[in-house]
Amino acid sequence: MKSSTHGAKKKIVLLDPASSHKFVDVFYNQNQMVTVQKILQYIEPIPIELRCLDVLNIFIDNTSLLIAPIVDEQHKPVGLIDRGRLTEIFFKPYARDLHHKKCIGEIMTTDPVIVDINTSIDDLANITINAGMRHMAHGFIVVENTLYVGMATGHRLLEEITHRKQQELYALAHYDQLTGVPNRLLFKDRLMQACQQAKRSKKPFALVFVDLDRFKYINDTLGHSFGDQLLINFAHRLSACVRESDTVARLGGDEFVVILQNLSEAVHAEKVAATMIDKIRQPMMILGREVNITASLGVALYPDHDDTVDGLIRKADAAMYVVKEKGRNGFLVFNESFDQNLSERNTFVTELKKAIVRQELALFYQPQIDTTTNQVVGVEALLRWYHPKQGLLLPGKFISVAEDVGLIVTIGEWVISEACRQQVEWRDQGLPPLRIAINVSAIQFRQQDFSWRVQQIIYEYGVDPNYIELELTETMVMANPLQTVSTMSELKAIGIKIAIDDFGTGHSSLSYLSQFPLDRIKIDQSFVRNIQNVKANNVIVKAIVAIGQSLGIGLIAEGVETEAELACIKSHNCHEIQGFYFTKPLPAHKFKDWLLQVFKAG
Ligand code: C2E
Ligand code: MG
Ligand code: MG
């Protein structure tokens, strides 16, 4: 009986098997097919023509022999004889006289399981189950090219299967299933060992916290399978930066840690961190698309900063957060002032969570003016937070935190609702209708039900969708053009307007604009700044205006502060303007006063 030899059906981790890193080995070996060869035992076979009495003597001489294979003249197995059956026959009265001259072939068991040496352990286990488990005790005859090579016992089979199961369970419990690197549990264990070893050897080691920058954004804009593949590649990249004895682990999400062991000097940790930053920055190909990613790294040293597992983790994490706050894409070694920083951030997040319920969020409004008619044609709603201790906070202080911790969707929906509510209030107060521009975060825009949610809010407040304009950024639009067009079309179908914010900063070609159903381009304030003196700004603004006009898309320049900037922008045929030149963003009641004053002045 020869069985098929398909291997164990286990997930193959997409890492380079040629890499010398341990985690790859663990997973890779598991997928190597384990065959009967592994549990093979050689037992001298008994030729079929041997007489029964001689066979009995073999069993009497070798007390540990429980079963023996029987082979024919070509050394092919034909049956089994077991000690029990033989002794049973020969203990009966007159049995010796009756049988001793017979050859063993006449009394052997004729249905042994014969398997090829390349049969997998899994298949062998299946054969045993299908054959009713009897062979678990008898064992299996193993052949190579049909010739006898040995026996495999059920006992060894069971041992092997149990051992493999244990390994599998160990891997499941200790390794991250996506990337194949150690998980939090194994990491903590390794970190503890590192502490003990460093104590004995008196050599320092470093713990590095690694967090991908803007991973949430990538995941939400380019999809989860893209994000998964990115994490796999990223784990591989990190591993390539360190020695085999070091540990790279994934704590969850986009959080990784590295233990750099046996440093001859603590400063070496900084060199490794710098190399990591460099390697991480190299362009990466994922699912046929090139992406550039960066990461923020925090380093804590044993024993300089802490000599406990939890202390080191907390301090490396604190250092990493400071890097994030300072603008990401870099590394910092822990220093005592960071500790304070971390607990401050945690408090900040808790406060932000409560900000909506406590009604601490507010919208400020900045007018948009058509300079050809001198009319106020629109208004941009800009988020503010009246922080209980820090006072009035600008979005730059808290939007990215809200994005990092997933609060942006709730906050973003609040912004849309509040803008609609305000518009209804102004309408009821008899003010002429104004187009209201609302900023949307990429994470919010990528929600499956985004357009449906917007529609619900608009209907709830009964505002005219033609007076709602959503501002998206260039990078956000370009990240996933197909999905963007589809969501934009749903929004446009109900009458909502779409503008591209901060235009010109996304480094993408102007020609793609025609693909999207846009109503307005907002020329970024960096091109407006001092435009009358900066030649490059002049050229760019001219180009943007020309393209906008040729595609029939409206234009607005933001951030106009001075008379000279205003004149120059107007001379380039961009007539809608927003900026401090007219007024800074104002709270709702002040904006209304400002508006009434403008009307009065005609
Ligand atoms: P943005 O959408 O490009 O908004 C324009 C920013 O430029 C505002 O900053 C505004 O106060 C400022 N600004 C306007 N005119 C001038 C000027 O003449 N000179 C200068 N120097 N600045 C001017 P703000 O309010 O701090 O908002 C910053 C960014 O925060 C916004 O940039 C927008 O991207 C984001 N943001 C604001 N509100 C929200 C919101 O409700 N949701 C989301 N997701 N993002 C928001
Ligand atoms: Mg805006
Ligand atoms: Mg802008």
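The residues of the chain are indexed from 1 along the displayed sequence. All ligand and atom numbering here is 1-based and tracks the order in the structure.
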| Step-by-step side chain to side chain donor-acceptor pair (under 3.5 Å) determination, Ser441 to Arg446 | CA-CA 9 Å; Ser441 151; Arg446 296 293 165 206; over 6 Å; no
| task | Classify the side-chain pair Asn530/Gln532 by whether it contains a donor and acceptor separated by less than 3.5 Å. | result | yes
| Among Glu380, Glu558, Gln578, which one satisfies side-chain hydrogen bond (donor to acceptor under 3.5 Å, both in side chains) with Gln366? | Gln578
| request: Considering the heavy atoms of Gln366, write down every atom of ligand 1 situated less than 4.0 Å from one of them. | output: 14 (C), 15 (N)
| request: Using a strict 4.0 Å cut-off to heavy atoms of Val560, name the atoms of ligand 1 that fall inside it. | output: 18 (O)
| message | If we only consider heavy atoms of Pro585, is any one of them less than 4.0 Å away from an atom in ligand 1? | response | yes
| Is the closest heavy atom of Lys584 to ligand 1 under 4.0 Å? | no
| Protein N, O or S within less than 2.8 Å of the Mg ion (ligand 2), waters excluded | Glu380 OE2, Asn439 OD1, Glu471 OE1, Asp501 OD2
| message | Any carboxylate oxygen within less than 4.0 angstrom of a Lys/Arg side-chain nitrogen, looking at Arg529 and Asp524? | response | no
| Can the positive tip of Lys324 be found less than 6.0 Å from the middle of the six-membered ring of Tyr321, inside 45° of the ring normal? | no
| task | Could you list which atoms of ligand 1 come closer than 4.0 Å to a heavy atom of Asp502? | result | 3 (O)
| task | Say whether Gln597 and Asp593, considering side chains only, have a donor N or O and an acceptor N or O under 3.5 Å apart. | result | no
| Which of the atoms in ligand 1, numbered in the order shown and given with their element, are less than 4.0 Å from a heavy-atom of Ser441? | 44 (N)
